[in-house]
Amino acid sequence: MMSHTVKDWKELARKERKGADPETLNWSTAEGIEVKPLYTEEDLAAVDHMGTLPGFEPFLRGPRATMYAGRPWTIRQYAGFSTAEESNAFYRQALASGQQGVSVAFDLATHRGYDSDHPRVVGDVGKAGVAIDSVEDMKILFDGIPLKDISVSMTMNGAVIPVLASYIVAGEEQGASRAELSGTIQNDILKEFMVRNTYIYPPEASMRIVADIIEYTSTEMPRFNSISISGYHMQEAGATLVQELAYTLADGREYVRAAIAKGMDVDAFAGRLSFFFCIGMNFFMEAAKLRAARLLWHRIMSEFEPKKPQSLMLRTHCQTSGVSLQEQDPYNNIIRTAYEAMSAALGGTQSLHTNSFDEAIALPTEFSSRIARNTQLILQNETGITNVVDPLAGSYYVEKLTADLADKAWTLIEEVEEMGGMTKAVATGMPKLRIEEAAARKQAAIDRGEEVIVGVNKFKPTKEDEFEILSIDNEKVRDAQIARLKRTRRNRNEEACQKALDNLEQIARSGEGNILAGAIEAARARASVGEISQAMENAWGRHVADTQTVSGVYGSAYDDDKRFSEVSEKLVSLGKEAGRAPRILIVKMGQDGHDRGAKVIASAFADLGFEVIVGPLFQTPDEAAKLAVAEDADIVGISSHAAGHLTLAPLLVEELAANDAADKLVICGGVIPSQDYGRLKKAGIAAIYGPGSNILDSADDLIALLFERLRGRNR
């Protein structure tokens, strides 16, 4: 067999390309990693992880020796909507159809520690997750689901104490002792301060909660994972894969330190820490990311000198990307999710959630959920990928990617260390701003067509497909929740409940005792999620974040771009005719903390020449209207991600009218199904921009609307 060199390949490639250097085919990723068209054994000369085996340190090839050949990953679909009754029915059907565990999505009112009767959550109850107000709701949620046998994952961070306490009490009353409960609670508050924003208390108090949960579960709940350290929401907020990898592991290091500071032995809890990563469309790099994560976590945990090998292992759940899903040509999302799921499997995930194709538009239906679940069943049972441990091992490309990702992530991890750790880094706002810069850069690449999204900025369909969406009657759900909440309060021993709440507040104030242990007693006395949260808020206060935005990043991608200049010049002309630059207020109402879209729009519009004001998170329609008047905004832009638009947007229009500001242009953007456009426009919304909307086109459209209004007034 003839032996050829890289030099031979380059000569042949030049002939094929009519003399062009093959190095022009190199691709630089968003992470700054140079990807070549050809990899050979030479690229692995400096890679020092070669030769490792699965099940052995540093666990790069998997935490278990046999991996999927011994047991496939767990199919764990994340779901929750409307009421506990409806979510329970969904879980039971999913379990009967092949799902292997329950993963609970809570509504935003619950996430933020509010009961369903609180005035700040009128548009949030039962939207984007299930409403849970007390143990009574939790018991219904798991009715007929044996908690002794079924593993339960709960994505909860802000109100983690009352939710976990209510779950424990519901389990006990079902007949499962604390020691028999298995599953995972996310309990990752640092990530919330960076990206998702469903925090409640200040960082220091929040870190105490994390440590108290780790302490309690390590002694009382041996089958339960006390924390799931999440990079998922970082990538969803726009983080590069290197940022997601580095900041997630840096968060993990901080939580380990917090537990050790409580006097715990590292081997008592480290084996039940878990991680949660997002899997996007960069197929091979996502698989390499999971391998690099295991390598780096072993390096980090070695610093703490554990005695058990299990303390050095990174185990992870993964979820296919929500941000890669598109409203346009939505059946393409089924294909995207399938490739992302295979990437996660080839990277060695321990459990997986596959998104439904309609989640860029609304909550998933039973039809779309079945396709998402079956995607995993087909991967496990029809493709053969579970027969071989780490099938990508030895790939020149994947092994080099693994090493490159690990090196670049470690540089960021060390930068965080130099700042004093992740808690201090988060307090400066540095990681959040870095992620927002990456998000603005990515959006510019999409808008310019440099990053192809099939059906959105290339290969667009000539007509859109219509399909059924799931719509939640927010008012009906809220009424039902309030009625049950009233019954619970009426039937409880009020004196015992108040005594338990007072005790919990004292534990929070004094720094002595375990917060979760105190909350369990309050939940048993039928204190509500909101009341338990309020007891801690009395001691610590409620955190309010500073609003910061990046500038120059989106615009810099359009240097010397004719289209960008044309829109900017139109804006200048509008400003001259109006007497000042047009002013847009961007608002987030309700308890929806997902602010990627709002921040990207703020950055891009400011670079174009709009005067941009970004309102604080979690406003009520009344607060947003008053701010619009105070700032003399011409446009009020509502950013909606969590399905509250049909309630909150019309209320804002009413509040503006009540404040003599009905002339302001009100627009909506975000995850809004086209089926809702008519109702929103009837309510007074002037324009709607769904997922995939081009920012320059949207800005141009708004400038035309403002010119029309201005000239109409001057006639």
Side-chain angles (χ1 to χ4, degrees), residues 109-115 117-118 120 132-138 154 156-173 178 185 187 189-190 192-193 198-221 224 226-227 255 257-264 268-269 423 485 488-544:
T110 307
H111 270 289
R112 293 270 292 151
Y114 292 116
D115 288 331
D117 59 357
H118 198 285
R120 299 195 75 87
I132 297 293
D133 289 319
S134 74
V135 171
E136 295 304 317
D137 289 326
M138 198 69 82
M154 292 180 284
M156 178 53 63
N157 302 285
V160 62
I161 286 289
V163 166
L164 182 53
S166 297
Y167 164 74
I168 290 168
V169 174
E172 290 174 350
E173 295 186 7
R178 293 193 291 274
I185 188 80
N187 192 28
I189 201 62
L190 288 174
E192 298 296 330
F193 290 114
T198 59
Y199 45 72
I200 301 176
Y201 313 108
E204 186 177 339
S206 298
M207 286 299 289
R208 182 187 165 193
I209 287 173
V210 171
D212 276 15
I213 289 173
I214 293 173
E215 179 185 55
Y216 186 91
T217 54
S218 68
T219 57
E220 300 287 332
M221 304 172 72
F224 202 83
S226 53
I227 189 167
Y255 295 136
R257 286 174 176 157
I260 289 173
K262 289 275 294 183
M264 297 181 65
F269 65 87
T423 303
L485 197 53
T488 300
R489 288 173 177 157
R490 187 167 59 244
N491 295 333
R492 71 190 181 188
N493 182 323
E494 194 61 40
E495 183 179 351
C497 181
Q498 192 56 54
K499 184 178 178 181
L501 288 169
D502 290 343
N503 179 59
L504 176 61
E505 183 177 334
Q506 181 57 30
I507 293 172
R509 287 188 187 279
S510 67
E512 298 177 2
N514 187 284
I515 292 284
L516 179 56
I520 290 170
E521 294 309 310
R524 191 174 285 121
R526 291 314 189 257
S528 68
V529 167
E531 289 165 338
I532 292 172
S533 297
Q534 186 63 51
M536 293 182 286
E537 187 177 338
N538 292 343
W540 298 326
R542 186 173 275 263
H543 179 70
V544 178

| task | Give a yes-or-no answer on whether the side chains of N538 and Q534 include a donor-acceptor pair shorter than 3.5 Å. | result | yes

| Hey, is the main chain of Y201 close enough, under 3.5 Å, to the side chain of S206 for a donor-acceptor pair? | yes

| request: Determine, for Y255 and R208, whether the Lys NZ or Arg CZ falls below 6.0 Å from the six-membered ring centre while staying within 45 degrees of the axis. | output: no

| task | Locate the shortest heavy-atom distance separating E215 from M264; write the atom from each residue and the value. | result | CA-SD, 3.5 Å

| Heavy-atom closest contact (I214 atom, A259 atom, distance) | CG2-CB, 4.0 Å

| task | Taking all heavy atoms of N187 and all of I227, pick out the closest pair and write down the distance. | result | O-CD1, 3.3 Å

| query | Would you find a donor on one side and an acceptor on the other, under 3.5 Å apart, between the side chain of W540 and the backbone of P202? | reply | no

| Least distance between heavy atoms, A535 atom then L501 atom | CB-O, 3.9 Å

| What distance separates R526 CZ from L485 CG, expressed to the nearest 0.5 Å? | 12.5 Å

| said: I'd like to know if D115 pairs up with R489 as an ion pair, taking the criterion as any Lys NZ or Arg NE/NH1/NH2 lying under 4.0 Å from an Asp or Glu carboxylate oxygen. | reply: yes

| message | Is it true that N503 and E521 share a donor-acceptor pair across their side chains at a distance under 3.5 Å? | response | no

| query | Do you see a donor-acceptor pair shorter than 3.5 Å between the side chains of T488 and E136? | reply | no

| Under 4.0 Å between a Lys/Arg side-chain N and an Asp/Glu carboxylate O for R492 and E531? | yes

| Hey, are R509 and E505 close enough for a salt bridge, meaning a charged N less than 4.0 Å from a carboxylate O? | yes

| Near-ring test Y199/H543, centroid separation under 6.0 angstrom | yes

| said: Determine whether a donor-acceptor pair (N or O, by modelled atom type, separation under 3.5 Å) exists between the side chain of S166 and the backbone of S134. | reply: no

| request: Measure the CG-CD1 distance between L516 and I161 for me, rounded to the nearest 0.5 Å. | output: 5.0 Å

| query | Has the side chain of D212 got a donor or acceptor atom that lies under 3.5 Å from a matching backbone atom of I515? | reply | yes

